[in-house]
Amino acid sequence: GNSVTQMEGPVTLSEEAFLTINCTYTATGYPSLFWYVQYPGEGLQLLLKATKADDKGSNKGFEATYRKETTSFHLEKGSVQVSDSAVYFCALDSGYSTLTFGKGTMLLVSP
Amino acid sequence: KAGVTQTPRYLIKTRGQQVTLSCSPISGHRSVSWYQQTPGQGLQFLFEYFSETQRNKGNFPGRFSGRQFSNSRSEMNVSTLELGDSALYLCASSSETGGRGYTFGSGTRLTVV
């Protein structure tokens with residue numbers, strides 16, 4: 001079956017540091033890949049997506065590249081802010097209208 | 001454009017009771033899916049509806065059920081509540097088979113006592 005593995009947190013960074021959150025997946029076929037973000041007490045917000053190999057999704061300074069050869073979709077940001085503190089979820093959709101999520105990675109950014 | 005609306009935001013129920021949660025998707029979206037989020041199990045898929053038909057179902061007991069109406073609004077029902085059903089229930093809508101991403105509501109926090 002499908003599965004998503006992402007690094008465990010929390011990830012603790014100082015403001016303006018570089019962020020990487022690793023995500024690897026197992027899926028049949030050619031899934032679409034997503035990063036969602038969840039702020040305390042809220043639902044999930046779509047951060048970025050990629051639908052085919054070598055696509056790069058980007059939004060609000062965050063980037064992730066769909067790497068089929070390594071089955072990865074790592075999230076990066078060059079300079080994090082305190083307001084980026086949240087839980088980040090990597091997810092895939094293999095085309096059956098369901099999302100398979102990773103366990104989530106909490107990011108804590110200090111001033 | 002209004003987002004995905006879930007009601008109520010919070011619920012407290014007693015073991016053995018049943019509960020109904022509601023989800024109104026983004027206008028024009030015909031796919032509605034439901035997820036359960038708990039600290040231990042993370043985000044787990046419950047079921048997905050498209051044009052009033054359940055297309056996919058996750059690995060949950062039959063106590064969990066849902067339906068979708070002709071206006072795409074969806075409800076999920078949990079009968080004979082157990083303590084372990086305490087969770088955040090999230091609804092998501094999409095205009096087509098998810099490749100363009102799903103928009104989530106803020107969720108319903110269910111507490112079973």
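Residue numbering restarts at 1 for every chain, and letters A, B, ... go by the order of the sequence lines.
- The two residues B:Gln41 and A:Lys103 have their closest heavy-atom pair at O-NZ, 3.7 Å.
- Under a cut-off of 6.0 angstrom, the local environment of CD in A:Glu16 is sparse, with at most 12 non-hydrogen atoms contributed by other residues, nucleotides or ligands.
- No continuous path of hydrophobic side-chain contacts links A:Phe34 to A:Leu19 [ILVMFWY only; heavy atoms under 4.5 Å].
- Contacts with chain A (heavy atom to heavy atom, under 4.5 Å) involve these residues of residues 42-49 of chain B, listed by number: B:Leu43, B:Phe45, B:Glu48.
- Under the 4.5 Å side-chain contact rule for hydrophobic residues, A:Leu46 and A:Leu33 do not share a cluster.
- A:Met106 and A:Phe89 fall within the same hydrophobic cluster, defined by Ile, Leu, Val, Met, Phe, Trp and Tyr side-chain heavy atoms under 4.5 Å apart, directly or through other members.
- No more than 12 heavy atoms of other residues, nucleotides or ligands lie within 6.0 Å of CG in B:Asn59, so this atom counts as exposed by the packing criterion.
- Contacts between B:Arg109 and chain A at a heavy-atom distance below 4.5 Å are absent for every atom of the residue.
- Residues of residues 79-91 of chain B lying under 4.5 angstrom from chain A, judged on non-hydrogen atoms, are B:Leu88, B:Leu90 by number.
- Here the closest heavy-atom approach between residue B:Tyr35 and residue A:Leu99 is recorded as OH-N, 2.8 Å.
- You'll find the side chain of A:Asp93 reaches within 4.5 Å of the side chain of B:Tyr102, heavy atoms only.
- Shown here are the side chain to side chain donor-acceptor pair (under 3.5 Å) partners of B:Trp34, two or more places apart in sequence or in another chain: B:Ser74.
- A:Phe73 and A:Leu107 end up in the same hydrophobic cluster when Ile, Leu, Val, Met, Phe, Trp and Tyr side chains are linked at under 4.5 Å.
- The side-chain contact (heavy atoms from CB on, under 4.5 Å) test applied to A:Asp54 returns A:Arg67, not counting sequence neighbours.
- Residues A:Val11 and A:Tyr39 share a single hydrophobic cluster, defined by chaining ILVMFWY side chains whose heavy atoms lie under 4.5 Å apart.
- There is no contact between A:Gln45 and chain B, counting heavy-atom distances below 4.5 Å.
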